[in-house]
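In what follows, every heavy atom counts, from backbone to side chain, and hydrogens, waters and symmetry copies are set aside.
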Amino acid sequence: MAKISSTIIGAAGEYHVLSQLLRRGWIAALAPDGAPNMDILVTDEGSNRLCAIQVKTRRDLGSDKGWHMKQKHEELVANDLFYIFVDVGSRPSDETKCYILPSAKVADSLKRCHKAWLESPGRNGQPHNETKMRRLKPDHSNYNPPSPEGKAAIAEYSNGWLDHYREKWNVLGLPEAETF
C-alpha cells in the first residue's frame, strides 16, 4: 500500500472540518488558495458572527502526537481566528478527532512551551538551539525547565490539557442547529 502524501492528508483534515461545520447548520467554505492565516471561513445562518479557521492535520506518526507550527503562530491572535487540530489516526478506519481552540490559547501554548523547551536540557545535556518551528502537543511534560515560569507552563500544558477542547465546536461562538 502506498503512503498518502501530507498534502492529501491536509486536504482530508480541511474537508472533514468543513463537513462538521456544515452538519451544524453553519455556512462554511474553503478560503481561496493563498488566503493568509485561514483555511475555512464560517458564519451562522444570520451572518451575525464570522470566523476564520486554520486547520492543522496530523497522522498518528512520531512519538509526541503533536502538530507542526511556526514562530509566527505565537503572535497570530484575533477574536475571530480559531485553530482546529485534526488527528486522523494511522488508518482510514480510525476515528478522526478534532480539537477546537481560540488563537489566543494556541499562541500562549506555543510561546510558553517553546520557551520551556529552550530552557530544558537536550540530548546529552546540550542546550536546545532556537528554531522557527514550534510544536503544539497534547503533553509537554517531558520538558524539564529550571525556571518557575517554565515549570508553570509545563504544568498547564501537560497530559490531558487538549482534551478540554476535543469536539468543542461551541468554542466558535456560533449557534448550532437543533435538528439535523
Side-chain angles (χ1 to χ4, degrees), residues 1-62 64-70 72-74 76-110 113 134-140 156-180:
M1 178 184 262
K3 180 181 170 189
I4 301 172
S5 80
S6 60
T7 302
I8 291 176
I9 293 297
E14 289 178 3
Y15 282 103
H16 178 79
V17 168
L18 192 60
S19 170
Q20 294 300 310
L21 295 167
L22 293 168
R23 288 183 70 210
R24 285 164 172 76
W26 300 327
I27 311 304
L30 291 176
D33 286 342
N37 308 319
M38 67 186 78
D39 299 310
I40 295 174
L41 294 169
V42 62
T43 188
D44 61 320
E45 199 172 276
S47 298
N48 296 311
R49 175 156 166 76
L50 179 67
C51 300
I53 296 173
Q54 199 169 112
V55 178
K56 299 290 184 185
T57 306
R58 71 171 302 278
R59 288 179 277 197
D60 195 7
L61 302 173
D64 73 7
K65 311 255 184 248
W67 289 265
H68 293 285
M69 305 288 288
K70 294 182 180 170
K72 73 174 188 175
H73 295 108
E74 291 181 352
L76 200 53
V77 176
N79 290 336
D80 57 355
L81 176 62
F82 298 85
Y83 290 86
I84 300 183
F85 295 94
V86 181
D87 184 344
V88 296
S90 59
R91 294 180 306 276
S93 59
D94 289 347
E95 175 189 11
T96 300
K97 302 172 200 154
C98 294
Y99 304 88
I100 301 91
L101 283 79
S103 58
K105 188 66 172 177
V106 172
D108 182 70
S109 168
L110 294 175
C113 291
R134 304 290 187 264
R135 294 290 284 170
L136 185 118
K137 303 187 318 181
D139 185 8
H140 292 271
E156 184 172 347
Y157 296 110
S158 65
N159 193 26
W161 81 272
L162 205 50
D163 293 341
H164 175 73
Y165 298 96
R166 184 173 173 189
E167 305 302 332
K168 296 293 184 182
W169 298 93
N170 62 331
V171 168
L172 300 174
L174 297 167
E176 285 196 44
E178 292 185 25
T179 59
F180 184 61

Any idea which heavy atoms bring Cys98 and Val17 closest together, and the distance?
SG-CG2, 4.4 Å
With salt bridge (charged side-chain N to carboxylate O under 4.0 Å, His left out) as the test, pick out the partner of Asp60 among Arg91, Lys97, Lys65.
Lys65
Got a donor-acceptor contact below 3.5 angstrom from the Arg49 side chain to the Pro175 backbone?
no
Electrostatic pair Glu95-Arg166, nearest N-O below 4.0 angstrom:
yes
Smallest separation among heavy atoms of Ile4 and Ile8, with atom names:
CG2-CG2, 3.6 Å
I'd like to know if the side chain of Trp26 reaches the main chain of Gln20, judged simply by a donor and an acceptor atom lying under 3.5 Å from each other, with no hydrogens or angles considered.
no
Closest heavy-atom contact between Asp94 and Val88?
CB-O, 3.9 Å
Over all atoms of both residues, closest heavy-atom pair of Trp67 and Leu162
CZ3-CD2, 3.6 Å
Reported CE-to-CG distance for the pair Met38 and Asp80, which is rounded to 0.5 angstrom
8.0 Å
Can you find a heavy atom in the side chain of Ile100 that is under 4.5 Å from one in the side chain of Tyr83?
no
When you look at Arg134 and Cys113, which way does the side-chain contact (heavy atoms from CB on, under 4.5 Å) test go after all the steps?
CA-CA 9 Å; Arg134 304 290 187 264; Cys113 291; over 6 Å; no
To the nearest 0.5 Å, tell me how far Leu18 CG sits from Leu30 CG.
5.0 Å
N/O donor-acceptor pair under 3.5 Å between Ser158 side chain and Asp139 backbone:
no
Does the Glu74 side chain pair with the main chain of Asp108, one donor and one acceptor, at a distance under 3.5 Å?
no
Are side-chain heavy atoms of Leu50 and Val42 found at a separation under 4.5 Å?
no
Using a 3.5 Å distance criterion without hydrogens, assess whether the side chain of Arg58 forms a donor-acceptor pair with backbone atoms of His68.
no
As an exercise, state the distance from CG of Leu174 to SG of Cys51, rounded to the nearest 0.5 Å.
4.5 Å
Do the side chains of Met69 and Phe85 get nearer than 4.5 Å, heavy atoms only?
yes
Quick check: do Leu101 and Phe82 have side-chain heavy atoms less than 4.5 Å from each other?
no
Side chains of Leu136 and Lys56: does their closest heavy-atom pair fall under 4.5 Å?
no
Are side-chain N/O atoms of Gln54 and His73 paired as donor and acceptor at under 3.5 Å?
yes
Please check if the side chain of Ser103 supplies one atom and the backbone of Ala78 the other of a donor-acceptor pair under 3.5 Å.
yes
Please find the pair of heavy atoms, one from Glu14 and one from Thr57, that lie closest to each other, and give the distance.
N-OG1, 4.4 Å
Does a sphere of radius 6.0 Å around NZ in Lys70 hold more than 12 heavy atoms from other residues, nucleotides or ligands, not counting ones at 6.0 Å or beyond?
no
Pairwise distance NZ(Lys168) to OH(Tyr99) - rounded to 0.5 angstrom
12.0 Å
So CG of Leu21 and CD1 of Ile40: to nearest 0.5 Å the spacing works out to 6.0 Å
Which of parallel (below 30°), tilted (30 to 60°) and perpendicular (above 60°) describes Trp161 and Tyr165?
perpendicular
Check whether any side-chain heavy atom of Pro102 sits under 4.5 Å from a side-chain heavy atom of Val171, and report yes or no.
yes
Considering all heavy atoms of both residues, which atom of Gly66 and which atom of Arg135 are nearest to each other, and what is their separation?
O-NH2, 3.2 Å
Looking at Glu45, I want to see if its CD is surrounded by more than 12 non-hydrogen atoms of other residues, nucleotides or ligands under 6.0 Å.
no
Would you say Leu172 and Ile53 make side-chain contact, with heavy atoms under 4.5 Å?
yes
The reported gap from CD1 in Ile84 to CG in Asp39 (rounded to nearest 0.5 angstrom) is 10.0 Å
